[in-house]
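So the structure is just underneath, and the comments pick up after that.
No experiment lies behind these values; they were computed from the predicted model shown.
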Amino acid sequence: RRLSLPMLAALAFAAVAEADASPPTLVRQGDCMQLVVDDKPFLLIAGELHNSSASTLEYLTPLVERVRKMGLNAVLAPISWEQFEPSECVYDYTLIDGLIERCEQNRLKLVVLWFATWKNGQSSYAPLWVKQDTNRFERVWDRDGGRLETLSPFCNATREADSKAFAALMRRIREVDRSASVVMVQPENEAGIFLDMDYSDAAQAAWNGQVPKRLMAYLHEHADELNPRLVAARAAEGRAAEGTWKEVFGDGPAAREFLLAWQTASFIGEVASAGRAEHP
């Protein structure tokens, strides 16, 4: 069928309008966060693939089609660091490209889940070259000095490598996602460790160091919004304005948990920032 000039003009205008639309974002509406896509509220009615469902294009293709046939409007799908960067600084775009293409074909939005340094409190989806180098990429230590399989959130080399890979992923999404199928990306998934604390040398140095001023300022400015456990820990120690983690929060499990949460969140924040610099 031939397209008339008015129809061509309309299509061209729509393409320009889509290109000029703001990136997907989260906007607070009262007590809730609202996803905004193409400058309009968007409700995700999504189907999430299993952890390994996106390991091959052959396996994920019928699943994406099934999501569309179910009447859903989005897919949540993982991309693992192990498959994306099989060798250091060598990236395999097969899965992310194919996933975006299949979502475009089925008119579905896509939420990418980045399985990298952590997934389910472990590091199963990190690349083999990371897993094998236990000196460069430090593991979590238990109290007795034993090493866990989980990568330590206190290791700068791991944070830098993860951030670099995530930035490469976001850059690729920016390059190939012409129809803006990707509306959200989750950096890391189910982060954490199966211990109260990492007892590695780097973690112990942080424990004996000063609580970051940025965190102390936040605690002061948001005193009425803090978790009750956090408030109780601070109250028991006389609400010290500065000091080590033990001096500010006490020498109990809560203090070690707060340090671990802060370190993990800071790690993920740097990964996210690296990705945002490539694609907002």
Side-chain angles (χ1 to χ4, degrees), residues 26 31 33 51 81 113-126 130-131 134 137-163 166 186-275:
L26 293 172
D31 295 332
M33 295 299 292
N51 292 346
W81 185 10
L113 313 179
W114 176 236
F115 288 5
T117 295
W118 300 292
K119 162 63 182 167
N120 192 28
Q122 297 180 318
S123 303
S124 305
Y125 290 86
V130 171
K131 294 175 181 176
T134 57
F137 303 107
E138 299 170 4
R139 302 308 196 266
V140 170
W141 294 17
D142 62 23
R143 285 179 177 270
D144 299 322
R147 307 301 197 267
L148 275 65
E149 180 264 351
T150 307
L151 292 162
S152 172
F154 294 89
C155 180
N156 293 331
T158 305
R159 184 180 67 248
E160 292 168 1
D162 191 335
S163 298
F166 186 66
Q186 178 194 52
E188 312 305 326
N189 186 279
E190 299 173 359
I193 63 176
F194 292 110
L195 287 177
D196 63 333
M197 181 59 187
D198 177 5
Y199 291 90
S200 66
D201 291 342
Q204 293 301 320
W207 170 254
N208 293 317
Q210 298 288 298
V211 176
K213 292 182 178 180
R214 178 184 172 194
L215 175 56
M216 294 306 302
Y218 184 93
L219 297 179
H220 176 73
E221 295 169 5
H222 299 266
D224 296 333
E225 307 169 21
L226 300 177
N227 184 285
R229 291 182 64 240
L230 190 60
V231 174
R234 292 196 64 214
E237 295 302 314
R239 296 182 181 274
E242 60 182 13
T244 66
W245 292 84
K246 181 168 63 175
E247 292 169 341
V248 174
F249 298 111
D251 192 16
R256 290 188 285 274
E257 180 183 344
F258 298 153
L259 169 57
L260 184 63
W262 169 263
Q263 187 69 23
T264 303
S266 299
F267 183 116
I268 296 174
E270 290 197 27
V271 173
S273 294

TODO: List for me each residue that meets ring pair (Phe, Tyr, Trp, His ring centres under 6.0 Å) alongside His220, sequence neighbours excluded, and say none if there are none.
DONE: none
TODO: With sequence neighbours excluded, tell me which residues meet side chain to side chain donor-acceptor pair (under 3.5 Å) with Glu138.
DONE: none
Task: Heavy-atom closest contact (Phe137 atom, Ala157 atom, distance) - done: CE2-O, 3.7 Å
Open item on the list: Assess the residue pair Leu230 and Phe249 against the criterion (side chain to side chain contact (heavy atoms under 4.5 Å, CB included)); give the C-alpha distance rounded to whole Å, side-chain angles, the decisive distance to 0.1 Å, and a yes or no.
Closed with: CA-CA 8 Å; Leu230 190 60; Phe249 298 111; 3.6 Å; yes
Task: Residue pair Trp245 / Leu215, side-chain heavy-atom distance below 4.5 Å - done: yes
TODO: With sequence neighbours excluded, tell me which residues meet side chain to side chain donor-acceptor pair (under 3.5 Å) with Asp142.
DONE: none
Task: Heavy-atom side-chain proximity of Glu149 to Ser124 below 4.5 angstrom - done: yes
- [ ] Specify the closest pair of heavy atoms between Ala255 and Gly250, including all atoms of both residues, with the distance to one decimal.
- [x] CB-O, 3.0 Å
Task: Inter- and intrachain pairs under salt bridge (charged side-chain N to carboxylate O under 4.0 Å, His left out), touching residues 257-269, at least two apart - done: Arg229-Glu257
- [ ] Could you tell me whether the side chain of Phe267 reaches within less than 4.5 Å of the side chain of Thr158, counting heavy atoms only?
- [x] yes
- [ ] Check whether any side-chain N or O of Ser152 sits under 3.5 Å from a backbone N or O of Trp141 as a donor-acceptor pair, and report yes or no.
- [x] no
- [ ] With sequence neighbours excluded, give me every side-chain hydrogen bond (donor to acceptor under 3.5 Å, both in side chains) pair touching residues 260-271.
- [x] Arg159-Glu270
Task: Beyond-backbone contact of Arg139 with Leu151, side-chain heavy atoms, under 4.5 angstrom - done: yes
Open item on the list: Contact between Val248 and Phe258 at the side-chain level, heavy atoms closer than 4.5 Å - yes or no?
Closed with: no
TODO: State which residues pass side chain to side chain donor-acceptor pair (under 3.5 Å) with Gln204; sequence neighbours excluded, sorted by chain then number.
DONE: none
Task: Nearest-0.5 Å distance, CD1 of residue Ile193 to CG of residue Leu260 - done: 4.5 Å
Open item on the list: If the condition is ring pair (Phe, Tyr, Trp, His ring centres under 6.0 Å), which residues does Tyr199 pass it with, not counting sequence neighbours?
Closed with: none
- [ ] Please report the shortest heavy-atom distance between Lys131 and Ser123, naming the atom on each side.
- [x] CE-O, 3.5 Å
Open item on the list: Checking Phe154 now: which residues fulfil ring pair (Phe, Tyr, Trp, His ring centres under 6.0 Å) with it, not counting sequence neighbours?
Closed with: none
Task: Intermediate values then yes/no, side chain to side chain contact (heavy atoms under 4.5 Å, CB included), Glu188 and Val271 - done: CA-CA 9 Å; Glu188 312 305 326; Val271 173; 4.1 Å; yes
Task: Closest contact, heavy atoms only, Ser163 versus Ala274 - done: O-CB, 3.6 Å
- [ ] Only pairs at least two apart or in different chains count here, so list each salt bridge (charged side-chain N to carboxylate O under 4.0 Å, His left out) that has a residue in residues 189-212.
- [x] Lys119-Glu190, Arg143-Asp196, Asp196-Arg256
Task: Partner residues of Tyr218 under the ring pair (Phe, Tyr, Trp, His ring centres under 6.0 Å) criterion, sequence neighbours left out - done: His222
Task: Set of residues satisfying side chain to side chain donor-acceptor pair (under 3.5 Å) with respect to Gln186, sequence neighbours excluded - done: Asn189
Task: Results of side chain to side chain contact (heavy atoms under 4.5 Å, CB included) for Asn208 - residues two or more places apart only - done: none
TODO: Output the distance between atom CE (Met216) and atom CD (Glu242), rounded to the nearest 0.5 Å.
DONE: 8.0 Å
TODO: Apply the test side chain to side chain contact (heavy atoms under 4.5 Å, CB included) to residues Ile268 and Trp118: give CA-CA distance (whole Å), side-chain angles for both, the deciding distance (0.1 Å), then the verdict.
DONE: CA-CA 10 Å; Ile268 296 174; Trp118 300 292; 4.1 Å; yes
TODO: Measure up the Trp114 and Phe166 rings against each other and bin them: parallel (under 30°), tilted (30 to 60°), perpendicular (over 60°).
DONE: tilted
